[in-house]
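Worksheet for the structure shown next.
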Amino acid sequence: MLQQTTLNLIAIGVFLMVLSVLVGPLIQLPPAIPAGVTLAVMVLYAADTLAWQGRVGSLLVDGVARFSSEHRDRILHHEAGHFITAYAYDIPILGYTLSAWEAWQQQKPGFGGVELDGSLPDAIASEGAIAQKQWLDRICIVWMAGIAAERLCYDSVEGGNDDRQRILETLSLTGQSLSGAAVKQQWAELQAKTLMERHRPAYDALVAAMADRASVADCCHALAEAGLAKG
C-alpha cells in the first residue's frame, strides 16, 4: 500500500543528502558530516533489509504516511476488499493488521494486511484440473480485491503492486502461463469489484468492524449479519 510514499521518502532523503554536499561549503559544514550520514543510512538500510526483513523501514514510512487520515482510510478499505472476497470464497482468514506497527506487534513483516491461508487445499488438489483452476480464479480475485476496493471507493489506486506480484507467483507455482497475467489481473479485479458492488452493505459493515479492530470472527459475523453467504 505504501509504494508511492516509500519512493517519495527515498527521493526526499537523496535530495537532502545532495543538498548537504552542495550547501555544506557555504555554511562551513565539514565534508565528513554528510558523508558520514550517508554511510550510516546505507548501513542501517542494509541491516534493516538483511536482518530485520525491512521492518524498521516499514515502521518509519508507515509512521510518516499515517499522518494522513485519507491514507489510513484507504488502507482500511483496501484490506477490507481482501477480507470480504476471501470470506465470500471460503478462503481461511488467519488475521489482519492495518499498519506496520500492528504487524510489528504481531511479529509479522511488512506494512500489514489480511493474512490468508492461500495454499492449495489437499481436497482440491486431488479433484483434478477443473477444481484447481476454480481455486486459482478465486485466489486471484482475492489478491486483486484490494485494488478493486480502492477503485470503487476512491476512483484511483495507490497500492497493490505486492498483490499483482502474488498473482504472478501463484500462476508460476501452479504451472499456469504467465503470458496472460495482465488479462487475469483485469478479470480478477472486475470480479472483485462486482462482488463488492453487489454486497455493498456487507462491505460497509466490514469496514466499520475492521476500523474498530474487531476480531476475525466478529468481522465474519458482521458479514453474515449483512447477508453475505460463503461459497
Side-chain angles (χ1 to χ4, degrees), residues 1-3 53-55 58 62 74-100 102-125 127 131-152 157 159-176 181 184-185 187-196 199 202-203 205-207 209-211 213-224 226 228-231:
M1 280 292 300
L2 300 179
Q3 294 88 346
Q53 292 78 50
R55 289 184 178 181
S58 298
D62 183 68
R74 187 180 285 268
I75 287 180
L76 172 61
H77 285 82
H78 181 107
E79 300 304 336
H82 291 309
F83 196 116
I84 191 172
T85 48
Y87 173 89
Y89 291 126
D90 203 18
I91 296 174
I93 302 167
L94 305 179
Y96 72 91
T97 54
L98 299 178
S99 69
E102 292 177 15
W104 176 281
Q105 290 178 310
Q106 297 183 26
Q107 298 183 337
K108 297 175 182 177
F111 294 107
V114 175
E115 183 181 2
L116 307 174
D117 181 358
S119 58
L120 181 65
D122 293 338
I124 293 179
E127 290 180 8
Q132 292 181 34
K133 182 182 183 304
Q134 290 175 341
W135 173 86
L136 178 62
D137 287 345
R138 290 187 170 193
I139 199 69
C140 286
I141 292 171
V142 173
W143 289 137
M144 291 301 294
I147 292 173
E150 286 194 58
R151 207 179 302 279
L152 176 65
V157 177
N161 288 342
D162 291 344
D163 299 327
R164 292 188 177 94
Q165 183 61 34
R166 287 190 182 101
I167 289 183
L168 294 177
E169 293 172 356
T170 303
L171 290 173
S172 176
L173 290 173
T174 54
Q176 301 292 316
K184 189 77 169 182
Q185 291 170 358
W187 173 85
E189 180 184 343
L190 177 61
Q191 298 303 311
K193 184 171 180 286
T194 300
L195 186 150
M196 284 180 278
H199 299 284
Y203 175 73
L206 174 63
V207 168
M210 292 178 69
R213 300 305 193 273
S215 66
V216 169
D218 287 342
C219 288
C220 292
H221 179 72
L223 289 172
L228 179 60
K230 292 184 178 181

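As a basis for the values below, the full set of heavy atoms in this structure was taken, side chains included, without hydrogen atoms, waters or symmetry mates. All residue numbers in this chain count up from 1 along the given sequence.
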Close side-chain approach of M210 and C219, heavy atoms under 4.5 Å: yes
Side chain proximity check, L168 to Q165, heavy atoms < 4.5 angstrom: yes
K184 vs M144 side-chain heavy atoms within contact, under 4.5 Å: no
Shortest non-hydrogen contact between A80 and V207, atoms and distance: CB-CG2, 3.7 Å
Nearest-0.5 Å distance, SG of residue C220 to NZ of residue K230: 5.5 Å
Heavy-atom check, side chain of Y87 versus side chain of V114, under 4.5 Å: no
Value rounded to 0.5 Å, distance of NE2 in H199 from CG in L223: 10.5 Å
With S172 via side-chain hydrogen bond (donor to acceptor under 3.5 Å, both in side chains) - residues at least two apart: none
Shortest non-hydrogen separation from I167 to Q185 and the atoms involved: CD1-CG, 3.9 Å
Atom pair CG (L206) and NE2 (H77), whose distance is rounded to the nearest 0.5 Å: 10.0 Å
Nearest heavy atoms of A88 and L195, plus distance in Å: CB-CD1, 3.8 Å
Heavy-atom pair of closest approach, residues L228 and A202: CB-CB, 4.0 Å
W187 side chain reached by D137 side chain, heavy atoms, under 4.5 Å: yes
Close side-chain approach of T170 and W143, heavy atoms under 4.5 Å: yes
Close side-chain approach of L98 and R213, heavy atoms under 4.5 Å: yes
Geometric class of the Y96/F83 ring pair [parallel <30°, tilted 30-60°, perpendicular >60°]: perpendicular
Non-hydrogen atoms of E189 and A148 that approach each other most closely: O-CB, 3.5 Å
Pairwise side-chain contact, D163 with H82, heavy-atom cut-off 4.5 Å (strictly under): yes
Rounded distance [0.5 Å steps], CG in L152 versus CD in E150: 11.0 Å
Rounded distance [0.5 Å steps], OG1 in T85 versus CG in L116: 8.0 Å
Intermediate values then yes/no, side chain to side chain contact (heavy atoms under 4.5 Å, CB included), I93 and D117: CA-CA 6 Å; I93 302 167; D117 181 358; over 6 Å; no
Gap separating the CG atom of D90 from the CZ atom of R138, nearest 0.5 angstrom: 8.0 Å
